[in-house]
Amino acid sequence: MTKKILFFDAVAPYEYNFDILEKKGLGASESYLLSVANDLKKNFDVDISSAKVRYNYTQNDIVFKKLTLDSLDDNYDTIIIQRNPQNLKTLKSKYPKANFIIWLHDFFESSIWGSLANHDLQYIIDNTTLLCVSNWHKENFLINLKLRKIKNANVKFIHFFIEDKKGIADLNIPLDKNKLCFFSAGHKGLDFSLRIFEHLYKINPKFKMYIGNPTYDQKNNFSGNNGSVINLNNQTRDQVLWNMRGSLCCLHLNKVYPETFGCVNAESNMVGTPVLAYDLGATKEVLFDADKQLIKTNPYRVDLNDLTYITEKVFSWYNGNRPVVKLNPLFDKQKITKKWIDLI
């Protein structure tokens with residue numbers, strides 16, 4: 001008998017499904033939930049219950065359900081809770097025999113997990129598997145659970161698989177050496193990346209900075225920049241890949257908010273575009289041949305902006321020393337799918 005699994009997303013920020021995914025940008029947590037569900041349906045019966053689903057319907061042989069207990073089926077073998085454990089006790093009482101997984105996307109300190117009482121954390125640990133999205137992410141949770149004296153934590157990680165469904169990496173898109181880009185979330189280094197770009201622009205006024213995001217609009221006007229900053233706002237994942245494919249590099253100068261994975265960095269490498277980034281969170285784990293793309297900070301210098309190093313690196317790439325990059329082999333779809341099947 002085919003196992004039945006449920007993705008349960010009580011914290012969905014907006015409605016998402018496969019039709020929406022084709023038409024507009026979605027965040028990594030939502031778009032990769034759809035990708036994983038679509039892949040697992042070959043082996044399992046899959047339902048997705050989300051806070052923004054208004055009525056039950058079927059799409060791509062996956063049933064989308066309202067986030068109410070009476071909308072759910074009588075039995076599930078595995079329930080995968082997205083991000084937030086707030087509904088665990090209710091679901092556990094309805095499905096006492098189910099295997100529970102909490103799919104984590106945020107680092108411990110920045111999310112609801114950091115505010116949970118110890119007895120609540122221990123209850124969650126005793127009744128679930130915590131699933132992280134990178135080894136760095138897993139270590140972040142284990143360290144914090146140890147500090148809170150939580151025992152017997154079962155924490156695993158499975159990377160996202162990164163796909164190029166339209167074959168954009170293979171398209172003959174000419175390199176524009178004067179095109180730089182930022183396609184991460186605004187709170188992950190946009191302000192600092194723009195400050196660095198302003199400096200680079202003074203050296204080479206032909207530079208242009210393209211910014212956009214697969215999740216939401218960046219609310220910036222960039223007045224007075226002489227048209228050198230182009231705000232593309234919400235972009236589908238294919239549009240992001242297209243723009244990255246012809247760029248000199250991605251300036252993802254995030255040193256304030258650790259990436260638990262960093263899909264956009266992996267995607268940039270997949271289409272052959274290097275990323276200039278700090279070794280923060282899972283960035284080193286995700287990048288291909290990461291040492292050629294990470295900023296080497298100088299521990300003896302007071303200037304923490306690393307302006308000289310960044311400038312020299314960008315113009316080294318501009319003058320012909322741009323590193324050859326590709327998708328990190330860690331993100332092989334077949335291997336990652338097997339990990340999911342084994343977990344379920």
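A quick note: this is a predicted structure, and the numbers were derived from the prediction, not measured.
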Can T283 and N254 be said to form a side chain to side chain contact (heavy atoms under 4.5 Å, CB included), step by step? CA-CA 10 Å; T283 301; N254 171 27; over 6 Å; no

Practice item. Any chance you could lay out the side chain to side chain contact (heavy atoms under 4.5 Å, CB included) test for I48 and I62, step after step, and finish with the verdict? Key: CA-CA 7 Å; I48 297 175; I62 292 173; 4.0 Å; yes

Legend entry - Worked check of salt bridge (charged side-chain N to carboxylate O under 4.0 Å, His left out) between K52 and D9: CA-CA 9 Å; K52 302 302 180 182; D9 187 359; over 6 Å; no

* **Worked check of side-chain hydrogen bond (donor to acceptor under 3.5 Å, both in side chains) between N328 and E285** => CA-CA 9 Å; N328 192 321; E285 184 178 339; over 6 Å; no

* To do: Test I5 against I79 for side chain to side chain contact (heavy atoms under 4.5 Å, CB included), laying out the working first.
  => CA-CA 6 Å; I5 66 174; I79 297 175; over 6 Å; no

Task: I102/I124 under side chain to side chain contact (heavy atoms under 4.5 Å, CB included): CA gap, chis, key distance, verdict - done: CA-CA 9 Å; I102 301 181; I124 294 166; 3.6 Å; yes

Q. Going through the distances and angles, do F207 and Y201 end up as a ring-ring contact (aromatic ring centres under 6.0 Å, His included)?
A. CA-CA 6 Å; F207 273 148; Y201 177 77; 8.4 Å; no

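A donor-acceptor pair shorter than 3.5 Å cannot be found between the side chains of Q122 and N152. Between the side chains of N269 and Q293, at least one donor N or O sits under 3.5 Å from an acceptor N or O. There is no side-chain donor-acceptor pair under 3.5 Å between D74 and Y95. No hydrogens or angles considered: a donor-acceptor pair under 3.5 Å links the side chains of D70 and T68. Between H252 and S193, the side chains place no donor N or O within less than 3.5 Å of an acceptor N or O (distance only, hydrogens not considered). Between the side chains of T311 and T308, no donor-acceptor pair of N or O atoms lies under 3.5 Å.
A salt bridge links K333 and D39; the closest N-O separation between the charged side-chain nitrogens and carboxylate oxygens is under 4.0 Å. Salt-bridge formation is not detected for the pair D289/K326: no Lys NZ or Arg NE/NH1/NH2 atom is positioned less than 4.0 Å from an Asp or Glu carboxylate oxygen. Between K23 and D19, no side-chain nitrogen of the basic residue sits less than 4.0 Å from a carboxylate oxygen of the acidic one, so the salt-bridge criterion is not met. Between D77 and K4 there is no salt bridge, since none of the side-chain N atoms of the basic residue sits less than 4.0 Å from a carboxylate O of the acidic one. Under 4.0 Å is where a charged nitrogen must lie from a carboxylate oxygen, and between D45 and K3 no such pair does.
Once rounded to the nearest 0.5 Å, the distance linking OG of S268 with CD1 of I162 reads 11.5 Å. Within the model, atoms CZ of F182 and CG of D191 stand 8.5 Å from one another, a figure rounded to the nearest 0.5 Å. Between E267 atom CD and D238 atom CG the span is 9.5 Å, to the nearest 0.5 Å. Interatomic distance, L276 CG to C249 SG, rounded to the nearest 0.5 Å: 6.0 Å. Rounding to the nearest 0.5 Å gives a distance of 9.5 Å between CG of D120 and OG of S115. Note that CD of E259 is 10.0 Å distant from CZ of F107, once rounded to the nearest 0.5 Å.
Looking at S50 and Y16, their side chains come closer than 4.5 Å, going by heavy atoms from C-beta outward. Looking only at side-chain heavy atoms (C-beta outward), W103 and S29 stay at 4.5 Å or farther from each other. Residues F44 and I341 are in side-chain contact: their nearest non-hydrogen atoms beyond the backbone lie under 4.5 Å apart. Side-chain contact check for L104 versus V133: every heavy-atom pair is 4.5 Å or farther apart.
In this structure, L194 and M209 approach most closely via the heavy-atom pair CD2-CG, 4.4 Å. Nearest approach of L72 to L91, heavy atoms of both residues: CD1-CD2, 4.3 Å. Between S31 and L21, the shortest heavy-atom distance links the atoms CB-CD1, 3.7 Å. Residues A98 and Y76 approach most closely at CB-O, 3.5 Å, considering heavy atoms. Of all heavy-atom pairs spanning C132 and H137, the tightest one is CB-ND1, 3.2 Å. Counting all heavy atoms, side chain and backbone alike, G262 lies closest to V286 at O-CG1, 3.8 Å.
A donor-acceptor pair under 3.5 Å links the side-chain atoms of R245 to the main chain of A169, judged by distance alone. Side-chain N or O atoms of D126 include none that pairs as donor or acceptor with a backbone N or O of T128 at under 3.5 Å. S134 places a side-chain N or O within 3.5 Å of a backbone atom of T260 that can act as its donor or acceptor partner. Listed for the S247 side chain is a donor-acceptor partner under 3.5 Å among the backbone atoms of N243. Distance alone, capped at 3.5 Å, places no donor-acceptor pair between the D73 side chain and the N75 backbone. Checking side-chain atoms of S111 against main-chain N and O of F108 turns up a donor-acceptor pair under 3.5 Å. Looking at N127, its side chain does come within 3.5 Å of a backbone N or O of Y123 through a donor-acceptor pair. When atom types are taken as modelled, the side chain of D164 and the backbone of I168 share a donor-acceptor pair closer than 3.5 angstrom. The backbone N or O of K177 sits nowhere less than 3.5 Å from a side-chain atom of R322 that would complete a donor-acceptor pair. Not one N or O on the side chain of Q82 forms a donor-acceptor pair closer than 3.5 Å with the backbone of F7.
For NZ of K94, the number of neighbouring non-hydrogen atoms (other residues, nucleotides, ligands) closer than 6.0 Å is greater than 12. Residue W317 qualifies as enclosed at atom CH2: its count of foreign heavy atoms under 6.0 Å is above 12. Counting non-hydrogen atoms of neighbouring residues, nucleotides and ligands closer than 6.0 angstrom, the NZ atom of K92 exceeds 12 such neighbours. Within 6.0 Å of NZ on K292 lie no more than 12 heavy atoms contributed by other residues, nucleotides or ligands. The 12-atom threshold is exceeded at NZ of K41, counting heavy atoms of other residues, nucleotides or ligands nearer than 6.0 Å. Atom CD of E198 has 12 or fewer heavy atoms from other residues, nucleotides or ligands within 6.0 Å.
Between F157 and H159, the ring planes are perpendicular. Angles over 60° get that label, and only those under 30° would be called parallel. F141 and W113 have perpendicular rings, their planes meeting at more than 60° on a 0 to 90° scale where under 30° would count as parallel.
No cation-pi contact links K188 to Y257, judged by a cut-off of 6.0 Å to the six-membered ring centre and 45° from its axis. Judged by a 6.0 Å distance limit and a 45° cone about the ring axis, K66 is not positioned over the six-membered ring of Y55. Both cation-pi conditions hold for K179 and Y210: the charged atom is under 6.0 angstrom from the six-membered ring centre and inside a 45 degree cone around its axis.
The side-chain hydrogen bond (donor to acceptor under 3.5 Å, both in side chains) test with T129 is passed by exactly one of N99, N154, T78: N154. Partner of F331 under the ring-ring contact (aromatic ring centres under 6.0 Å, His included) criterion, out of F261, F161, F288: F261 alone.
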